[in-house]
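Take a look at the structure set out below.
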2 protein chains.
Amino acid sequence: MKGSSITIVDIAKKLNISKSTVSRALTNNPNVNPETRQKVLALADQLAYQPNMLSIGLRTNKTKTIGIVVPELISSFYPTVMAGAQEAAAQRGFSVLTASCNENYATEVANSKVMLANCVDGVLVSITKETINYDHWMTFYRRGIPIVFFDRVCGEMMVPKVVVSDYESSFNAVAHLVASGRKRIAHLTGPAQMLIMQKRLNGYRAALNKHGLTYDESLVIDTDLNVTNVKMQVKYLLEQKQPVDAIFAVNDAIAMEAVQVLKKMNKRVPEDIAVVGFGDHYGSGFADPALTTIAVPNREMGKTAMSLLLSLMDKEPASWKPITRILDGELVVRQSTIKPEPMVSYVSSYPGVFQMNSLHNREFSDDKKLKAI
Amino acid sequence: MKGSSITIVDIAKKLNISKSTVSRALTNNPNVNPETRQKVLALADQLAYQPNMLSIGLRTNKTKTIGIVVPELISSFYPTVMAGAQEAAAQRGFSVLTASCNENYATEVANSKVMLANCVDGVLVSITKETINYDHWMTFYRRGIPIVFFDRVCGEMMVPKVVVSDYESSFNAVAHLVASGRKRIAHLTGPAQMLIMQKRLNGYRAALNKHGLTYDESLVIDTDLNVTNVKMQVKYLLEQKQPVDAIFAVNDAIAMEAVQVLKKMNKRVPEDIAVVGFGDHYGSGFADPALTTIAVPNREMGKTAMSLLLSLMDKEPASWKPITRILDGELVVRQSTIKPEPMVSYVSSYPGVFQMNSLHNREFSDDKKLKAI
DNA sequence: CTGTTAGCGCCTTCAT
DNA sequence: ATGAAGGCGCTAACAG
């Protein structure tokens, strides 16, 4: 005895008018008598009429839903981006269909098909660490379904993207280590095919270069973004004939793990070895020692990406420009690189309260400048 | 020139057979010639046919999507639950439509309508801190759309729920504080109308009672789940004629904030004041001091809730039983309550690696036992 | 085993 | 300003 939902026909019958008029009244069509509209609206409200998005989607080819595909849901990064994106979508009446890939390429492909099958009006995508083929996303492009990559973007596709200033941020992080007197700076990186890793690695290299330190290949180690590898890798770094005095990790999870390992090995952080992360994940701020890292405006990233995506939908696919929006990361210096000062002012480390200052975006009209990095 | 997608009609035309046969072949209908099926499947594959979920949904009244409505996306808790739920859904071919409410009742109501409009086959819900009216969720119940609450459940509705052992876990947390010699134990709680807060408060009271400590109303303070209130509230607690020597916070975010405030006020944790949280959020493990807390199997909770929900859909609404699944929380003793021991074994504090042991579920056939608590 | 038909709920010409 | 009719892509009777 499931109380089925109210339809336009129901309203039409009760009011003894045609369903097309009801439809018009409900869709702000100007060609309808104000009185009629009032009656329809009143009844619709009273009956708690909910338009059936399925049939609307089927009819209009617009579902008012946006797909969001993320590589994982373990770190706080993607959920926060999603929250920002969702908020921006809701403001314009869009719903959000989400899917996580568990860093698995096959799952990503499957998820892309789900998005297609559900006729999303657009997709926000951040790829898995395994992804090197983009055919499944090209399909969207070909069909005129707008797609915006964020954070872990795809280098090959000329579509809009939202990223953090990976290169500059890395550069700043490493420059900070150099400024604090470090000479042997290791880099725990991720899969080499990922653009994001390349940019961060390049930033690392450039900073070393700029400050007269030689780039040593043996100090750059691929963690495959897997924390379980870190223990062994940190040990390896310490066993070098010229042991490292600093570690720049490609994200906070890796950095935190490195700190744990170092502490376990009775190394002092930052006195013996400084550690810098990337991302300012939840928890990094009140770790022991608090982690120096790059704060990324993740919620902002979600909003920006969604706004960009929604703005595309108003225009012709032909006019879509592969804009890359770059959000500035900000170096947050904490105790994992600098010994605590005597006086530290009180700052809430809870993300809901944390204030990010001076986050301005820049914009490039195409990918070339980015690739030049 | 958007390359529109392939439909059943397209396949039927190319194969010169009827669309119903194509449909049958695609839906594993037994009444179809194996050869025909092969041809259809082959062509569908070649053409990268994607069934249109909108029309299927419209026709069958089943969309294969589950709505998940969460109160917030700031802490790591809900994203992790969602990840678990999504995984369980994907295994059975279900997609997930998500919506966050930013702890706002009106948004929750709006989100419930979105779910209705999108014809989800069921919903997983955790309510906001403001929610005291459940009419919008009753609608689902009335329409025969299965609904399962998790974590922040609704006491009034007789529907399936998945929760942690709030009462017992609180009891254990407070008992642990007592065992470590604390006499004046404060409780930072949340909005009193929330069932989850009531249960945790009851657990706190019971533990005090059991160990001969008197319940002092002035030591129970409502934070409204807002970390910005904590500073003032902790100060208040310290200014009591008989100052507190321990704080049991209703979640980790509040607890972490309390620790920060205490440190700022030059109180030693745990020597002067012990702090216990609830939830074992990401980051609590490597905080300074590492936070003693209740580890909740959040990913497991998502999986359990989704499995429960999907299992309902196979049965008649009339036979749905308001089962409440209780997942055990586990007290994780860390440095915020006990001074660090000389030897600490190495444990990865990264959630992807963290091993949760002995998490067994219990099950009640109705809500009464729970309410009795 | 296959084809025909009808219709899910809605929007959108085309009439009036 | 309103009504009638057609169809989005698909499935589920009903015939054969």
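Below, read A as the first sequence line, B as the second, and so on, with proteins coming before strands; counting in each chain starts at 1.
Atom-to-atom, CD1 of B:Ile17 to C1' of C:dT4 comes out at 15 Å; the value is rounded to the nearest Å. D:dG9 atom C1' lies 12 Å from atom CG of B:Leu26, rounded to whole Å. For the pair A:Asp10 CG and C:dC8 C1', the interatomic distance rounds to 13 Å; values are reported in whole Å. Separating the NZ atom of A:Lys13 from the C1' atom of C:dC10 is a distance of 15 Å, rounded to the nearest angstrom. Atom-to-atom, CD1 of A:Ile6 to P of C:dC8 comes out at 15 Å; the value is rounded to the nearest Å. Atom NZ of B:Lys62 is separated from atom P of D:dG9 by 23 Å (rounded to the nearest Å). For the pair A:Ile11 CD1 and C:dG9 C1', the interatomic distance rounds to 12 Å; values are reported in whole Å. What separates CG of B:Asn61 from P of D:dG9 is a distance of 20 Å, to the nearest Å.
Looking only at atom types and distance, the side chain of B:Tyr78 has a donor-acceptor partner in the side chain of B:Asp151 under 3.5 Å away. In the model, B:Thr304 has no side-chain atom that pairs as donor or acceptor with a side-chain atom of B:Ser307 under 3.5 Å. Side chains of B:Ser23 and B:Ser20: no donor on one and acceptor on the other come within 3.5 Å. For the 3.5 Å distance criterion, the side chains of B:Gln86 and A:Ser100 fail to qualify, holding no donor opposite an acceptor.
With B:Cys101 as the partner, the side-chain contact (heavy atoms from CB on, under 4.5 Å) test is satisfied by one option alone out of B:Ile127, B:Leu73, B:Asn111: B:Asn111.
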Criterion salt bridge (charged side-chain N to carboxylate O under 4.0 Å, His left out) on B:Arg152 and B:Glu103, from CA distance to verdict: CA-CA 12 Å; B:Arg152 297 202 200 161; B:Glu103 296 287 15; 2.7 Å; yes
Tabulated below should be each protein N or O lying under 3.5 Å from an N or O of nucleotides 12-16 of chain C; please produce it.
from	atom 1	to	atom 2	distance (Å)
C:dT12	O4'	A:Arg59	NH1	3.4

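A:Ser18 has a side-chain polar atom (N or O) that falls below the 4.0 Å cut-off from OP1 or OP2 of D:dG3. Applying the 4.0 Å criterion to OP1 and OP2 of D:dG3, one finds that A:Thr21 has a side-chain N or O inside that range.
Base engagement by A:Leu58 is indicated by at least one non-hydrogen atom pair under 4.0 Å involving a base atom.
With ring centers used as reference points, B:Phe140 lies under 6.0 Å from B:Trp137.
Comment: B:Glu72 does not engage B:Lys129 in a salt bridge, judged by the lack of any side-chain N to carboxylate O separation of less than 4.0 angstrom.
For the segment residues 30-54 of chain B, the set of residues with a heavy atom within less than 4.0 Å of an atom of DNA chain D comprises B:Tyr49, B:Pro51, B:Asn52, in numerical order.
The main-chain N or O of B:Met157 is found under 3.5 Å from a side-chain atom of B:Lys161 such that the two form a donor-acceptor pair.
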